[in-house]
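Since the structure comes first, as structure tokens, the remarks are kept for the end.
From a predicted model like this one, the values you see are computed outputs, not experimental measurements. Just so we're on the same page: letters track the sequence lines, and every chain starts at 1.
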Number of protein chains: 2
Amino acid sequence: MSVTSHDVAQLAGVSQPTVSRALRDDPRVSKATRERVRKAADRLGYVPSDAGRALSSGRTRRIGLLLTDLENQFYPHIIAPAFHQLESHGYQLMLHTEVADNDVVAERLISNGLDGVLLATSTIDSVVPLRLRDRRLPFVYFNRTSDAVSADSAVVDPTQGMREAAEALSKHGHRRIAAILGPANTSTAVNREIALREALAQQGMSIPARYIHRGPFDTATGHAGTEHFLTMPQPPTAIVCGNDVVAFGALNAARSAGVGVPDDLSIIGFDDLPSASWPIIQLTTIAYDLDAMVRRAADLLIDRIQSPGRPLEESAFPSHLIERDTLGTVP
Amino acid sequence: MSVTSHDVAQLAGVSQPTVSRALRDDPRVSKATRERVRKAADRLGYVPSDAGRALSSGRTRRIGLLLTDLENQFYPHIIAPAFHQLESHGYQLMLHTEVADNDVVAERLISNGLDGVLLATSTIDSVVPLRLRDRRLPFVYFNRTSDAVSADSAVVDPTQGMREAAEALSKHGHRRIAAILGPANTSTAVNREIALREALAQQGMSIPARYIHRGPFDTATGHAGTEHFLTMPQPPTAIVCGNDVVAFGALNAARSAGVGVPDDLSIIGFDDLPSASWPIIQLTTIAYDLDAMVRRAADLLIDRIQSPGRPLEESAFPSHLIERDTLGTVP
DNA sequence: CTCGTTATTGCATACGTATGCCTATACTAG
DNA sequence: CTAGTATAGGCATACGTATGCAATAACGAG
């Protein structure tokens with residue numbers, strides 16, 4: 001049906017292995033033959049089969065990216081740089097998402113014959129890292145980590161950003177501060193909460209339990225949490241959100257409720273997504289170099305694939321506050 | 001290294017082909033053996049290799065999705081439903097993006113051994129459809145089409161939406177109407193322009209050349225176009241945008257310039273992305289059922305794979321205007 | 001008791017590429 | 001002139017699964 005390296009070999013008058021070598025610029029084939037093979041391949045429109053390659057070489061030059069869900073506005077900002085960074089190293093990206101059964105995910109990752117996996121999703125209790133380790137399938141934690149299995153990682157260090165946020169909140173006179181946090185079984189949610197509490201403590205403040213709302217990192221969570229806070233007899237004057245997407249939900253809830261931002265309510269995000277700096281949004285948020293973080297994760301993974309024995313590398317990216325229009329002074 | 005069907009066969013005391021059949025519920029293997037094989041497979045943690053399967057069966061159960069770029073805010077809304085619809089049919093999704101050389105893209109699609117391709121990107125002059133046709137690789141046009149090669153397609157019919165937009169604009173007293181359109185080599189941009197011009201003509205209006213701005217379907221285009229219009233001695237009172245992402249750019253430009261929307265300027269989008277209906281945005285836009293369109297495209301493709309001979313199916317999804325807060329009355 | 005059937009399983013092989021090893025040729029050094 | 005050494009290419013085979021066909025066993029009918 002389709003044209004194979006054997007067809008090319010026949011046309012060029014060489015053996016199939018020579019075709020394989022010629023087209024991959026193996027030094028063992030002479031310049032003349034290489035040219036002849038190339039010409040034949042072009043003429044037949046030969047395209048090597050990844051499946052054949054994978055089976056024979058044991059490598060696919062494909063890398064999996066595991067996300068919780070694709071709907072989330074945060075993920076495109078991971079997918080794009082990951083795709084390009086991997087592409088520049090000659091790797092292709094395969095998307096995967098969590099499904100109900102954790103083991104099914106692991107099976108898919110394995111059956112795909114991936115050379116490595118970027119885990120951008122792992123909850124603390126996921127079995128995926130275990131399964132991957134058992135298979136000796138290289139992987140890197142991105143954004144989140146899991147204590148169960150150690151691996152290279154690229155994450156944000158929220159301490160500096162949260163410290164600056166706490167200082168700014170204090171300086172603007174905020175005392176009643178709420179937080180809308182991510183799921184308790186994600187390292188990101190936990191780390192940000194810890195950093196936030198410590199930073200507030202240094203300012204002599206704290207968050208009471210009633211000012212805490214938890215949920216997935218999406219707009220619905222931000223919306224629901226903010227709505228809830230606004231019905232309180234003494235609503236908070238500021239809300240620190242688990243990430244920008246949550247903060248967008250908070251902004252929407254405030255607008256719907258007719259509550260002015262930042263006059264009546266201040267909102268702080270985390271991630272500094274491109275849309276956070278849009279003139280119509282101008283979200284005050286904690287920023288870090290997301291693109292660089294993605295690229296680092298990709299590089300770590302490729303490096304790990306090529307030298308499985310090298311020591312673990314855990315890189316944390318610093319964060320800082322970017323003040324825009326959603327943080328105001330308490331009257 | 002990894003466990004294969006041979007290992008399972010040995011443990012279960014059967015031949016390798018029997019393992020293959022047993023695990024795929026082939027009726028030719030007895031219930032007893034099937035159970036024995038399953039047990040052995042579980043015990044060894046056997047996971048079949050996609051590469052082996054692909055090579056042997058000629059099918060990969062993988063489908064490619066070709067996009068122009070991953071940065072664009074529009075694409076996540078395609079990727080997610082496509083991913084899930086394909087998954088529900090037992091197919092996996094592979095992302096691909098256009099790169100400088102058109103032929104390189106086609107080669108990748110081919111070498112991947114995909115069972116089919118969703119073309120969400122094809123410019124009118126792309127060679128990709130030609131290459132795919134030559135390889136007998138099934139594909140479906142999504143959103144855009146190309147005249148060079150006919151294939152199943154799922155697209156928006158903008159006529160009704162544009163008609164309603166023109167009526168609404170007219171009713172609100174707009175006479176100076178501008179448009180920020182997509183690239184001239186995309187069918188979407190062309191179709192929307194035609195529909196818009198016809199609809200305006202029915203209202204006795206038209207768009208002068210100086211009120212036309214063209215560029216990629218991104219926020220930068222919307223921003224630049226709007227900035228440009230606003231510097232004119234007689235700026236338009238309304239801008240119809242090629243899609244919502246462009247409209248977001250327009251909103252930003254207006255805000256930056258201190259121009260009120262909709263008091264000084266009305267803006268209309270196209271797509272009705274989830275964020276268009278956010279309280280803090282409230283974009284007036286032309287809507288259609290994007291999710292259904294994606295699912296249709298996926299279904300068409302799978303159907304085409306299974307019955308290559310069936311007649312062509314071109315489905316157009318109707319559109320309509322959704323009035324929100326960015327369309328106002330001219331003073 | 002024999003023959004035709006059906007139900008199960010195994011055998012052989014194909015899929016397309018990569019790679020270790022051997023061979024043949026040409027070339028260099030002594 | 002010979003032995004040693006690159007250099008270039010071919011041969012054989014492996015990778016893991018699926019599948020057409022043959023083989024065996026079990027079984028019932030006559």
Show every ring-ring contact (aromatic ring centres under 6.0 Å, His included) that has at least one partner inside residues 107-152 of chain A, sequence neighbours left out. A:Phe139-A:Tyr141
Closest approach to the side chain of [X], judged atom by atom: which nucleotide of [options] is it?
{"X": "A:Ser20", "options": "D:dT17, C:dA12, C:dT17", "answer": "C:dT17"}
{"X": "A:Thr33", "options": "D:dA8, D:dT17, C:dT19", "answer": "D:dA8"}
{"X": "A:Ser57", "options": "C:dC21, D:dC15, C:dT19", "answer": "C:dT19"}
{"X": "A:Ser2", "options": "D:dG9, C:dT9, C:dG16", "answer": "C:dG16"}
{"X": "A:Leu55", "options": "D:dT17, D:dG9, C:dG16", "answer": "C:dG16"}
{"X": "B:Arg28", "options": "C:dT9, D:dG9, D:dT17", "answer": "C:dT9"}
{"X": "A:Ser15", "options": "C:dG16, D:dG16, D:dG10", "answer": "D:dG10"}

Polar pair under 3.5 Å, donor/acceptor by atom type, side chain B:Arg21, base C:dT9: no
Could one point to a donor on the side chain of B:Arg53 or the base of C:dG16 with an acceptor on the other under 3.5 Å away? no
Looking at five pairs on each end of the helix from C:dC1-D:dG30 to C:dG30-D:dC1, what is the angle between the two axes, given to 10 degrees? 50°
Could you tell me the separation between the [atom1] atom of [X] and the [atom2] atom of [N], rounded to a whole number of Å?
{"X": "B:Arg24", "N": "C:dT9", "atom1": "CZ", "atom2": "C1'", "answer": "15 Å"}
{"X": "B:Lys31", "N": "C:dT9", "atom1": "NZ", "atom2": "C1'", "answer": "19 Å"}
{"X": "B:His6", "N": "C:dA12", "atom1": "NE2", "atom2": "P", "answer": "12 Å"}

Examine the side chains of [X] and [Y] and answer whether a donor and an acceptor come within less than 3.5 Å of each other.
{"X": "A:His77", "Y": "A:Asp291", "answer": "no"}
{"X": "B:Thr97", "Y": "B:Asp69", "answer": "no"}
{"X": "B:Tyr75", "Y": "B:Thr68", "answer": "yes"}
{"X": "B:Arg144", "Y": "B:Thr186", "answer": "no"}

Which part of the nucleic acid does B:Val14 contact within heavy-atom distance under 4.0 Å: base, sugar-phosphate only, or nothing? sugar-phosphate
Name the nucleic acid region contacted by A:Arg59, choosing base, sugar-phosphate or nothing; use a 4.0 angstrom heavy-atom cut-off, strictly under. sugar-phosphate
Residue closer to the 5' end of DNA chain C, B:Gln16 versus A:Thr4 (nearest nucleotide): B:Gln16
Side-chain ion pair, A:Glu87 and A:Arg61, N-O less than 4.0 Å: no
Inter-residue atom distance B:Leu130.CG - B:Arg135.CZ, 0.5 Å rounding: 13.0 Å
